[in-house]
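Note sheet for the following structure.
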Amino acid sequence: MGDTRPLATGTLRRGTVEDIASFVELGRAVVPPTYGPIDAAYAQRMLDEWWTPEVFATSLERNVHVVAERDGQVVALANLGRLTRSYRDFPDVTGEREVMWKLYVHPDHQGLGLGSRLLAEIETLVEGDELWLEVVDGNDRAVGFYEAHGFAEVERSADPHWPDDLWFRKALR
Ligand SMILES: CC(C)(COP(=O)(O)OP(=O)(O)OC[C@H]1O[C@@H](n2cnc3c(N)ncnc32)[C@H](O)[C@@H]1OP(=O)(O)O)[C@@H](O)C(=O)NCCC(=O)NCCS
């Protein structure tokens, strides 16, 4: 990807530290409607623990971020990184994985192709031959989206306090 790439519905570019405030704002718009119906406390925990300026500063050092802009506003975010470089622990998982940690489109801009385009861009950045991601159990719209884009569920990480995470994988080559 060059610096910018025109799209039918916006522009894709790499994310930088200049985008951190926009990322936090995007989280406040998209996390509650996505996860509130599944577990409102979990939605709040996500915002408090994972959609913070500090976490994005670390994430930008370790992961590639791609943003979609429309009319100069960041309306969607995706990122890619290696499991072993995550700030989270995954006791259930052995080995290395290239993981799309985030794919989030602002609710006002969903269904316009931005999620598909960001996913396609992330796939071009994968160095190995498969891409992994996690979906919160109950996020049926995202599951449908990923299955329609060639992902299949591989395993489930259970947690006694929070919704399970479903690991999905797509073979790329
Ligand atoms: C899931 C999400 C990333 C998809 O992005 P989007 O920009 O809304 O989706 P797009 O417009 O690119 O693509 C929609 C395509 O997926 C298909 N699709 C969407 N939901 C689907 C579903 N539940 N079942 C089957 N197909 C589905 C549509 O038919 C469409 O296909 P088409 O392009 O062939 O018509 C976006 O809706 C989002 O951010 N949701 C909230 C946050 C979230 O759940 N993120 C994932 C966290 S793991």
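Excluded from the calculations below are hydrogen atoms, water molecules and symmetry mates; all remaining heavy atoms, backbone and side chain alike, are included. Whatever order the structure lists ligands and atoms in, that order sets their numbers, starting from 1.
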Specify whether the nearest protein heavy atom to [atom] is under 4.0 angstrom away.
atom                    : value
atom 5 (O) of ligand 1  : yes
atom 16 (O) of ligand 1 : yes
atom 34 (O) of ligand 1 : no
atom 38 (C) of ligand 1 : yes
atom 42 (C) of ligand 1 : yes
atom 23 (N) of ligand 1 : yes

State the atoms of ligand 1, each with its element, that fall below the 4.0 Å cut-off from a heavy-atom position in [X].
X      : answer
Leu112 : 11 (O)
Gly144 : 21 (C), 22 (C), 23 (N), 24 (N), 25 (C), 26 (N)
Tyr35  : 47 (C)
Glu134 : 48 (S)

State whether the shortest distance between N or O atoms of [X] and N or O atoms of ligand 1 falls below 3.5 angstrom.
X      : answer
Ser116 : yes
Asn139 : yes
Val135 : no
Ala142 : no

Would you check if there is a donor-acceptor pair between the side chains of Glu96 and Thr84 at a distance under 3.5 Å?
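On atom types as modelled, these side chains qualify, holding a pair under 3.5 Å.
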
Q. For residues Arg14 and His65, is any side-chain donor paired with an opposing acceptor at under 3.5 Å?
A.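 Absent: no donor and acceptor within the cut-off.
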
A quick test of your reading: do over 12 heavy atoms of other residues, nucleotides or ligands sit less than 6.0 Å from [atom1] of [X]?
X      : atom1 : answer
Gln110 : CD    : yes
Asp48  : CG    : yes
Glu49  : CD    : yes

| query | Parallel under 30°, tilted from 30 to 60°, perpendicular over 60°: which one fits the rings of His106 and His109? | reply |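 Ring orientation, 0 to 90° scale: perpendicular.
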
Aromatic plane relationship, Phe56 with Phe23 - under 30° parallel, 30 to 60° tilted, over 60° perpendicular: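 If you compare the ring of Phe23 with that of Phe56, the planes turn out tilted.
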
Is the closest heavy atom of [X] to ligand 1 under 4.0 Å?
X      : value
Trp101 : no
Arg117 : no
His149 : yes

Heavy-atom nearest neighbour of [atom] within options [options]:
atom                    : options                : result
atom 11 (O) of ligand 1 : Ala148, Gly113, Ala120 : Gly113
atom 27 (C) of ligand 1 : Tyr146, Phe168, Phe145 : Phe145
atom 8 (O) of ligand 1  : Pro33, Gly111, Ala78   : Gly111

Cluster overlap Val31 with Ile20, hydrophobic side-chain contacts below 4.5 Å: yes

- Step through it carefully: locate the ring centre of Tyr104, locate the ring centre of Trp51, and say whether they are under 6.0 Å apart. yes

Side chain to side chain contact (heavy atoms under 4.5 Å, CB included) with Leu60: of Val17, Val55, Asn79, only one passes, and it is Val17

Check your understanding: Does the ring of Trp50 carry Lys102 above it, NZ/CZ under 6.0 angstrom from centre and within 45° of its axis?
Key -> no

Practice item. Select one of side chain, backbone, both or neither to describe which atoms of Leu133 lie under 4.0 Å from any atom of ligand 1, heavy atoms only. Key: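 Contact part for Leu133 vs ligand 1: neither.
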
Counting distance only, does the side-chain N/O of Asp89 pair as donor-acceptor with the main-chain N or O of Pro91 below 3.5 Å?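 No; judged by distance alone, with no hydrogens or angles, the pair does not exist.
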
So that I can tick it off, tell me whether Glu155 and Arg97 are bridged by a salt bridge, with the cut-off set at under 4.0 angstrom between side-chain N and carboxylate O.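 Yes, this pair counts.
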
